[in-house]
Student: 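Here's a structure for you.
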Amino acid sequence: MTTDAVIRRAGAADVPALVDLRAQMMRDMGADTGDDSWRVDAAAWYRARLAEPTRCAAIIAEVPGDGVVACAVGTVDDHAPSPRNPSGLRGEIANVVTFPAFRRRGLARTCVEALLQWFDAETAVRVVRLAATADGEALYRRLGFSEPRDLILERRMPR
């Protein structure tokens, strides 16, 4: 189910909305977003990435009268080429979030589908990855995502 939302690619004027949606995602994940200093860095990150249209796309859902209410952000990362990935390019989807009052309308799904179309039509990416929450896992599986062939581990660096 969708609303009368307009699904479109975000531009520089949408950076404040993207930062607000990121804050919503962080709150949904249990993070304390009280210190707003990170917002300046996030806005700078979005402005820089959106200026590279072949390396980043943010797809937003904008509802007339309510503004931007959902988004999904995709980036193209450079890795060493390999037999399975001759270009070395890998896609990453992050920041898939919808404001609570607009959830369960298919907006996040529509944004992710548009982002997958961007990866397919405008990049050389052969693999797209994302980190799924328990709430989002079923959606991503319906869109064709599965566990990677390789075990993915991470280490947090002490700072």
Side-chain angles (χ1 to χ4, degrees), residues 7 9-10 14-15 17-61 68-100 102-104 106-159:
I7 307 300
R9 193 158 173 178
D14 299 305
V15 167
L18 289 168
V19 173
D20 288 344
L21 281 160
R22 184 158 178 76
Q24 179 65 55
M25 183 186 69
M26 294 294 160
R27 285 190 299 273
D28 291 346
M29 295 170 60
D32 177 10
T33 61
D35 175 11
D36 285 344
S37 62
W38 69 272
R39 288 176 173 263
V40 173
D41 294 332
W45 185 91
Y46 281 114
R47 275 192 300 281
R49 295 314 178 283
L50 292 176
E52 300 180 78
T54 61
R55 306 288 288 182
C56 179
I59 306 297
I60 58 174
V68 177
V69 300
C71 71
V73 178
T75 56
V76 175
D77 299 323
D78 225 356
H79 298 269
S82 70
R84 288 190 344 218
N85 187 2
S87 73
L89 300 177
R90 185 175 353 170
E92 182 83 23
I93 294 177
N95 300 297
V96 179
V97 60
T98 304
F99 284 131
F102 296 90
R103 291 182 181 161
R104 300 282 181 224
L107 297 172
R109 176 187 45 79
T110 304
C111 288
V112 171
E113 288 172 339
L115 203 51
L116 291 171
Q117 289 174 356
W118 170 75
F119 278 118
D120 186 46
E122 298 184 40
T123 77
V125 163
R126 295 176 99 177
V127 173
V128 177
R129 291 185 174 178
L130 56 77
T133 62
D135 289 342
E137 181 180 3
L139 164 67
Y140 300 130
R141 287 190 183 279
R142 284 192 303 273
L143 292 173
F145 287 86
S146 61
E147 291 83 6
R149 286 179 42 173
D150 304 315
L151 175 64
I152 304 295
L153 302 174
E154 73 176 12
R155 180 179 188 269
R156 301 271 178 193
M157 299 303 292
R159 302 271 181 230

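Count residues from 1 along the sequence. When reading the values below, keep in mind they use all heavy atoms of this one structure, side chains included, and skip hydrogens, waters and symmetry mates. The structure displayed is predicted, hence computed values, not measured ones.
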Student: Counting C-beta onward and ignoring hydrogens, is there a side-chain heavy-atom pair between F145 and I93 closer than 4.5 Å?
Tutor: yes
Student: Rounded to the nearest 0.5 Å, how far does OH of Y140 lie from OG of S146?
Tutor: 14.5 Å
Student: Check the pair R22 / V19 against side chain to side chain contact (heavy atoms under 4.5 Å, CB included), numbers first and verdict last.
Tutor: CA-CA 5 Å; R22 184 158 178 76; V19 173; 5.5 Å; no
Student: Name every donor-acceptor pair, under 3.5 Å, that has one atom in a side chain of residues 118-125 and the other anywhere in the protein, sequence neighbours excluded.
Tutor:
from, atom 1, to, atom 2, distance (Å)
T123, OG1, F119, O, 2.5
T123, OG1, V125, N, 3.2

Student: What pair of heavy atoms forms the shortest contact from E137 to A132, and how long is it?
Tutor: CA-CB, 4.2 Å
Student: Go through R27 and D32 one step at a time and tell me if the salt bridge (Lys or Arg N to Asp or Glu O under 4.0 Å) criterion holds.
Tutor: CA-CA 7 Å; R27 285 190 299 273; D32 177 10; over 6 Å; no
Student: Is there a donor-acceptor pair closer than 3.5 Å between any side-chain N or O of R126 and the backbone N or O of N85?
Tutor: no
Student: With a 4.0 Å cut-off on N to O distance, would you call E147 and R141 a salt bridge?
Tutor: yes
Student: Do L143 and E113 have side chains that get closer than 4.5 Å, going by heavy atoms?
Tutor: yes
Student: Taking all atoms of both residues into account, what is the closest heavy-atom pair of A10 and L50, and its distance?
Tutor: O-CD2, 4.2 Å
Student: Working to the nearest 0.5 Å, report the span between CG of L139 and CG of L130.
Tutor: 9.0 Å
Student: Could you give the distance from CG (L116) to CD1 (I59), rounded to the nearest 0.5 Å?
Tutor: 10.0 Å
Student: Does the side chain to side chain contact (heavy atoms under 4.5 Å, CB included) test come out yes or no for N95 and L18, once each step is laid out?
Tutor: CA-CA 9 Å; N95 300 297; L18 289 168; over 6 Å; no
Student: Run the numbers on R90 and V128 for side chain to side chain contact (heavy atoms under 4.5 Å, CB included), then give the verdict.
Tutor: CA-CA 6 Å; R90 185 175 353 170; V128 177; over 6 Å; no
Student: Would you mind checking if R55 and D77 are paired as a salt bridge, meaning a charged N to carboxylate O distance below 4.0 Å?
Tutor: no
Student: Restricting to non-hydrogen atoms, name the atom on C111 and the atom on A61 that form the minimum distance, rounded to 0.1 Å.
Tutor: SG-N, 3.8 Å
Student: For the residue pair C56 and V73, what are the closest heavy atoms and their distance?
Tutor: SG-CG1, 4.2 Å
Student: Measure the spacing between CG of L107 and OG1 of T98 and express it to the nearest 0.5 Å.
Tutor: 5.5 Å
Student: Show the numbers, then the answer: is there a side chain to side chain contact (heavy atoms under 4.5 Å, CB included) between V127 and R129?
Tutor: CA-CA 7 Å; V127 173; R129 291 185 174 178; 4.2 Å; yes
Student: For the residue pair D35 / S37, report whether a side-chain donor-acceptor contact shorter than 3.5 Å exists.
Tutor: yes
Student: Write down the atom of R9, the atom of P53, and the distance for their closest heavy-atom approach.
Tutor: NH2-O, 2.7 Å
Student: Tell me yes or no: between the side chains of D28 and Q24, is some donor less than 3.5 Å from an acceptor?
Tutor: yes
Student: Just wondering, do T54 and V76 contact through their side chains at under 4.5 Å, heavy atoms?
Tutor: no
Student: So that I can tick it off, tell me whether R156 and E154 are bridged by a salt bridge, with the cut-off set at under 4.0 angstrom between side-chain N and carboxylate O.
Tutor: yes
Student: Taking all non-hydrogen atoms of both residues into account, name the closest pair between L21 and V97 and its distance.
Tutor: O-CG1, 3.4 Å
Student: Using a strict 4.0 Å threshold on nitrogen-to-oxygen distance, state whether D150 and R84 make a salt bridge.
Tutor: yes
Student: Would you compute the distance between atom CE of M29 and atom CG of D135 and round it to the nearest 0.5 angstrom?
Tutor: 11.0 Å
